[in-house]
Amino acid sequence: MAFFYDQPSHTFSEYLLIQNYSSEDCIPANVSLRTPLCRFRPSDGENPLSINIPLVSAAMQSVSDDRMAIALAREGGIAFLYGSQTIEREAEMVRRVKRYKAGFVANDSSIGPDQTLADILELKARTGHTTVAVTHDGSLTGRLLGIVTSRDYRESRMSPDERVRDFMTPIDRVVLAHDGLTLSEANDILWAHKLNSLPIVDSEGNMVAFVFRKDYDMHKENPLELLDSQKRYAVGAAINTRDYEERVPALVDAGVDVLCVDSSEGFTEWQRRTLAWIRGRYGDSVKVGGGNVVDADGFRFLADAGADFVKVGIGGGSICITREAKGIGRGQATSVIEVARARDEYFRETGVYVPVCSDGGIVMDYHITLALAMGADFCMLGRYFARFDESPTNRVMVNGNYVKEYWGEGSSRARNWQRYDSGDAAQAKLSFEEGVDSYVPYAGSLRDNLAETLSKIRSTFCNCGALTLAEMREKARLTRVSPVTLVEGGAHDVIMKESVKRGGK
């Protein structure tokens with residue numbers, strides 16, 4: 001007869017934290033969110049690969065490209081570039097992150113001289129960029145002919161058919177610099193000429209990057225940025241259990257810092273073989289996480305197989321329909337609690353600490369704090385990061401509101417069949433969907449939103465009397481809540497002003 005668990009599984013929304021005594025030192029400025037990313041022996045010292053905030057972005061087409069990787073590393077986290085693309089493209093994304101020099105923004109918004117004002121406005125609406133390079137062929141790396149900023153046109157007084165060449169600032173009036181100068185030298189030019197942006201071109205006049213005045217202050221304000229030993233931004237990348245013998249070497253050669261086997265099911269022979277191959281070829285020099293699992297047996301399997309961290313969660317993502325499609329999954333809170341206990345038991349037995357990543361089930365910011373209190377070392381987020389300017393999807397207007405496109409790796413749009421691979425050579429395709437194609441509300445810049453989220457996390461740590469993640473796990477007290485408690489916890493029995501303004505009740 002089938003095995004039945006005695007208790008139902010639970011989600012983060014079914015728990016709240018109970019506050020502890022807070023000393024005078026318990027202020028948000030004193031809270032450290034630094035956390036290990038990969039397995040290590042605490043007896044040997046600090047983990048050589050840690051992140052400064054406990055957040056990583058999901059390996060999804062609609063979430064993590066090189067632009068997201070740079071933005072998140074700047075804030076102290078790390079992005080996992082999506083693996084559902086060619087090996088060459090993913091490796092090139094890694095190289096772009098590694099080539100990026102803090103303050104030098106790779107050109108990602110160009111237009112041709114024969115295009116129109118309407119094209120400029122459409123590009124601005126889609127990307128949010130107000131400074132656009134005009135290149136001879138409209139490509140990102142074409143020969144620079146000029147630039148267009150919001151000061152070059154007035155939408156109300158110009159025809160949408162007016163050609164870009166007729167209102168752009170031409171190259172002979174643009175202050176520019178050549179590739180090879182330092183950031184300090186670029187900033188000196190910005191300040192000397194009172195510029196907001198400085199185009200960088202190569203020896204043949206082709207567009208390379210921009211340096212923006214606003215980024216000077218941003219660089220100074222990023223004490224948590226995550227850098228490798230060569231002072232380059234850290235970046236992760238996803239692999240699968242099919243082409244790892246070709247993909248892993250390409251990503252390692254490109255300079256990737258950490259890999260992750262991107263799979264909906266980590267408790268498989270295919271994942272064990274992938275990890276074994278990496279360990280056999282690279283030993284411990286290449287860091288690679290495994291997953292996903294939802295119980296102690298799955299964790300132990302991957303830890304014994306050599307995973308540097310273990311991802312926890314099946315079916316809890318906002319765009320994931322694995323539970324509906326296959327009836328497989330478990331409440332995320334219960335999964336994290338059990339796997340974290342297995343991690344601690346593994347550490348007591350072996351002296352090796354294998355970090356746990358909570359992947360999915362995060363709806364509210366406080367769910368991140370709950371996941372950390374329950375034992376997760378860091379959280380992987382998809383929907384959260386998909387809402388920002390830095391995600392690779394288009395910003396579109398739907399019913400009068402800006403939204404960003406967001407689709408699952410198991411959707412027909414992504415067609416990432418390798419993530420759901422069952423090992424059957426005859427089934428090298430996506431047989432049915434385990435994800436949906438959707439929109440998420442547009443939220444603006446990653447930096448601003450992440451600052452608010454981290455502020456909430458640090459404040460809650462202080463309420464619990466904790467200044468580190470280790471202290472939080474030790475001191476946290478959690479209580480289950482009833483549905484009525486959830487209602488009581490939000491605004492209730494009042495008339496919201498927003499509702500009155502809209503004419504509602």
Side-chain angles (χ1 to χ4, degrees), residues 10-19 28 31-37 50-60 63-64 68 71-72 75-80 224 226 289 291-292 309-313 316-320 331-337 339-340 343 355-388 391 440-441 443 446-464 466-479 481 486 489-490:
H10 300 288
T11 67
F12 293 133
S13 291
E14 296 176 71
Y15 288 87
L16 288 174
L17 285 156
I18 304 297
Q19 83 279 13
V31 173
S32 170
L33 297 177
R34 186 172 173 82
T35 187
L37 184 65
S50 297
I51 49 180
N52 293 323
I53 62 171
L55 302 177
V56 304
S57 67
M60 301 174 65
V63 178
S64 297
M68 175 62 72
L72 188 50
E75 303 300 328
I78 196 167
F80 284 88
L224 296 179
L226 193 65
N292 286 20
F309 63 85
V310 174
K311 284 205 299 162
V312 179
S318 60
I319 42 70
C320 182
Q332 188 67 8
T334 299
S335 301
V336 169
I337 292 168
V339 171
R343 182 236 9 243
V356 168
C357 169
S358 177
D359 178 17
I362 302 293
V363 180
M364 310 290 287
D365 284 351
Y366 81 90
H367 291 169
I368 299 171
T369 314
L370 286 174
L372 300 173
M374 291 172 179
D377 294 279
F378 55 96
C379 296
M380 177 173 278
L381 307 174
R383 181 195 60 84
Y384 178 89
F385 288 112
R387 303 173 300 147
F388 303 147
S391 73
V440 288
L446 178 148
R447 181 177 177 81
D448 292 342
N449 285 274
L450 187 58
E452 180 177 332
T453 297
L454 294 175
S455 178
K456 293 176 184 177
I457 294 172
R458 293 188 177 103
S459 180
T460 305
F461 269 50
C462 291
N463 292 148
C464 296
L467 294 177
T468 65
L469 268 71
E471 267 194 292
M472 185 62 166
R473 284 198 290 267
E474 177 185 342
K475 295 183 177 181
R477 297 186 296 161
L478 295 112
T479 180
V481 297
L486 295 176

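Listed for the R387 side chain is a donor-acceptor partner under 3.5 Å among the backbone atoms of Y384. Although no hydrogens or angles enter the test, the distance criterion places a donor-acceptor pair under 3.5 Å between the side chain of R477 and the main chain of Q19. Using modelled atom types, no side-chain atom of T479 and backbone atom of L16 make a donor-acceptor pair closer than 3.5 Å. Between the E75 side chain and the N52 main chain, no donor and acceptor come within less than 3.5 Å of each other. The main-chain N or O of A58 is found under 3.5 Å from a side-chain atom of S64 such that the two form a donor-acceptor pair. Side-chain atoms of T460 come within 3.5 Å of backbone N or O of K456 as a donor-acceptor pair. Listed for the T35 side chain is a donor-acceptor partner under 3.5 Å among the backbone atoms of D377. With hydrogens and angles ignored, the 3.5 Å screen pairs no side-chain donor or acceptor of N292 with any backbone N or O of D359.
Annotation: side chain of T334 is in contact with side chain of H10 (closest heavy-atom distance under 4.5 Å). Put simply, the side chain of L55 reaches to within 4.5 Å of the side chain of I368, judged on heavy atoms. A heavy-atom distance below 4.5 Å is not found between the side chains of V336 and L370. In this structure, the side chains of F309 and V56 stay at 4.5 Å or more apart for every pair of heavy atoms.
Atom CZ of residue F385 and atom CG of residue L446 lie 6.0 Å apart, to the nearest 0.5 angstrom. Distance CD1/I319 to CE/M60: 4.0 Å, rounded to 0.5 Å.
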Requested in this report: Show your reasoning for whether side chain to side chain contact (heavy atoms under 4.5 Å, CB included) applies to R34 and S50.
Outcome: CA-CA 7 Å; R34 186 172 173 82; S50 297; 3.6 Å; yes

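Checking L467, T468, L33 one by one against F461, the side-chain contact (heavy atoms from CB on, under 4.5 Å) holds for a single residue, L33.
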